[in-house]
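Reminder, nothing fancy here: chain letters follow the sequence lines and each chain counts from 1.
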Number of protein chains: 2
Amino acid sequence: MAIPRAAKTQRRTRIQEEKEEVILEAALDVFSVHGFRGSTIDQIAEVAGMSKPNLLYYFRTKEAMHRALIDRVLFTWLEPLRAFDANGNPESEIRSYIRRKLEMARDFPRESRLFANEMLQGAPHVEDELRGPLKSLVDEKAEVIRAWAKAGKIAKCDPYHLIFSIWSTTQHYADFDVQVRAVLGQEHSGEGRFEDAARYLEKLFVDGLGIRQS
Amino acid sequence: MAIPRAAKTQRRTRIQEEKEEVILEAALDVFSVHGFRGSTIDQIAEVAGMSKPNLLYYFRTKEAMHRALIDRVLFTWLEPLRAFDANGNPESEIRSYIRRKLEMARDFPRESRLFANEMLQGAPHVEDELRGPLKSLVDEKAEVIRAWAKAGKIAKCDPYHLIFSIWSTTQHYADFDVQVRAVLGQEHSGEGRFEDAARYLEKLFVDGLGIRQS
DNA sequence: TGTAATGTTTACCAATCGGTCAAATTATCC
DNA sequence: GGATAATTTGACCGATTGGTAAACATTACA
């Protein structure tokens with residue numbers, strides 16, 4: 001008699017690990033496009049290639065699936081910002097932060113859209129994480145940037161809005177991908193557009209922040 | 001015997017105009033948060049304060065409501081870009097474009113989120129408009145920017161990515177409003193954040209584009 | 001190899017979905 | 001004020017929703 005849902009067992013079976021992975025992959029496909037309410041369990045089950053009750057054996061509710069996804073994405077999403085180094089020099093730190101964020105938009109567009117969907121809906125599932133861990137991290141890095149400005153290494157500017165502008169410009173290439181492709185046309189819709197974007201954005205921010213006085 | 005749905009009649013009644021306005025207002029509330037599939041007619045009806053069949057008397061389907069909304073938003077959304085003047089001087093044109101877009105994010109956040117939702121879902125209802133009218137308009141303005149660069153009035157840069165970066169940075173304050181508020185904290189979440197953003201963004205772009213050589 | 005735990009599926013449920021219909025109500029105009 | 005057109009609603013429909021129950025199949029392990 002199968003007592004528990006997968007989560008309750010102490011050790012996780014090989015099958016559990018595999019299937020949960022398959023499910024989250026499918027859920028990411030669906031949630032990232034249609035948002036929480038617009039997605040259906042049946043749809044996720046179909047993408048995952050298993051029956052709906054089987055899905056619900058691993059994740060008891062639709063919310064549980066979404067929760068598991070969000071938790072995973074939230075963590076990895078902030079890695080580039082965590083890597084932002086106070087001891088590095090401003091130019092290379094900002095350049096590599098932009099590059100890293102742009103790579104994430106290119107390589108993990110579904111994760112970006114999942115997050116964007118959550119924000120658009122008012123962050124009903126993650127508002128605590130925004131006010132807590134996220135704010136703390138941003139506060140910390142904002143202080144670094146402010147110190148750079150004070151030391152004359154970069155122009156004086158609001159560090160929070162600087163971070164917002166890097167977030168938005170880079171994520172734009174994942175979240176608004178359709179629009180970007182439509183506007184650029186077929187000829188510039190290849191992967192090369194990320195290189196173009198990187199070049200443009202690095203120049204914009206480096207010059208915009210008055211770095212590279214040489 | 002009421003012959004037709006409202007749309008079929010030649011002249012639109014006073015009641016029709018009023019009610020359609022009320023409905024679209026409610027639909028904007030709902031669609032902008034939950035996207036097309038995540039929104040329900042019942043929910044819109046409740047917000048609009050009328051019965052579901054009554055809604056469907058004015059708009060035959062959920063799609064018709066969404067369509068009417070999208071059409072309206074698409075038009076007004078591009079006004080700032082249309083106002084972008086080739087004969088103006090680069091600095092003031094870019095400054096006022098940023099300001100206008102930022103004002104729209106502040107004054108019409110629901111419209112911005114409706115559009116963002118549509119993009120996230122792959123623009124299933126507006127892809128034609130993106131490839132057609134939108135692309136044409138952007139192409140035209142990109143040519144203006146390119147001419148400025150060629151004339152040495154601004155630094156050489158990819159005009160398309162420049163436009164993308166202005167779109168994304170400004171719309172961010174509408175679409176990711178929850179996140180912005182959470183990170184800034186209560187003390188900076190007032191309307192003043194738009195002034196701060198405007199100051200920061202204008203400086204970023206003006207310096208980033210090498211304008212203001214004086 | 002047997003058996004207990006784990007994994008899967010079929011059939012199903014109540015609630016909600018988008019939408020219809022006909023009857024009732026209200027506005028318009030002579 | 002009455003006829004006619006426009007508006008509104010309650011009752012309802014089949015399809016889909018998130019989720020459950022229990023039988024069935026498979027795996028792991030002694």
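Two residues, B/F36 and A/N54, neighbour DNA chain C, and the one matched to the more 5' nucleotide by heavy-atom proximity is A/N54.
Both tests hold for A/R82 against A/F75: distance to the six-membered ring centre under 6.0 Å, angle to the ring axis within 45°.
Each of C/dG19, D/dT9, D/dT20 was ranked by its minimum atom distance to the side chain of B/L56; first place goes to C/dG19. Here C/dG18 is the nucleotide among C/dG18, D/dT17, D/dA11 with the atom lying nearest to any side-chain atom of B/T40. With C/dC21, D/dT8, D/dT20 as the candidates, the nucleotide lying closest to the side chain of B/Y58 is D/dT8.
Heavy-atom minimum distance, B/V178 versus A/E127: CG1-OE2, 4.0 Å.
Residues from residues 41-50 of chain A lying near DNA chain D, meaning a heavy-atom separation below 4.0 Å, are A/I41, A/D42 in numerical order.
Ion pairing of A/R193 with A/D177 is present here, as a side-chain N (NZ or NE/NH1/NH2) and a carboxylate O approach within less than 4.0 Å. A salt bridge is defined here as a Lys NZ or Arg NE, NH1 or NH2 lying under 4.0 Å from an Asp or Glu carboxylate O, and A/E25 with A/R110 meets this definition. A salt bridge links A/R99 with A/E195: the distance from a Lys NZ or Arg NE/NH1/NH2 to an Asp or Glu carboxylate oxygen falls below 4.0 Å.
B/F84 and B/Y97 have perpendicular rings, their planes meeting at more than 60° on a 0 to 90° scale where under 30° would count as parallel. Using cut-offs of 30° and 60° on the angle between ring planes, the pair B/F31 and B/F36 is parallel.
Protein atom CD of B/E17 is 16 Å distant from nucleotide atom C1' of D/dT7, rounded to whole Å. Per the geometry, NZ belonging to B/K19 stands 9 Å off P belonging to D/dT7, to the nearest Å. The interatomic distance linking B/H34 (NE2) with C/dG18 (P) rounds to 13 Å, in whole Å. The distance from atom CZ of A/F59 to atom P of D/dT20 is 16 Å, rounded to the nearest whole Å.
Between A/Q16 and C/dG7, a side-chain N or O to OP1/OP2 separation shorter than 4.0 Å is present. Residue B/Y57 has no polar side-chain atom (N or O) positioned under 4.0 Å from OP1 or OP2 of D/dT9.
A donor N or O paired with an acceptor N or O is not found under 3.5 Å between the base of C/dG19 and the side-chain atoms of B/K62. The base of D/dG19 sits within donor-acceptor range of the side chain of A/K52, with an N or O pair under 3.5 Å.
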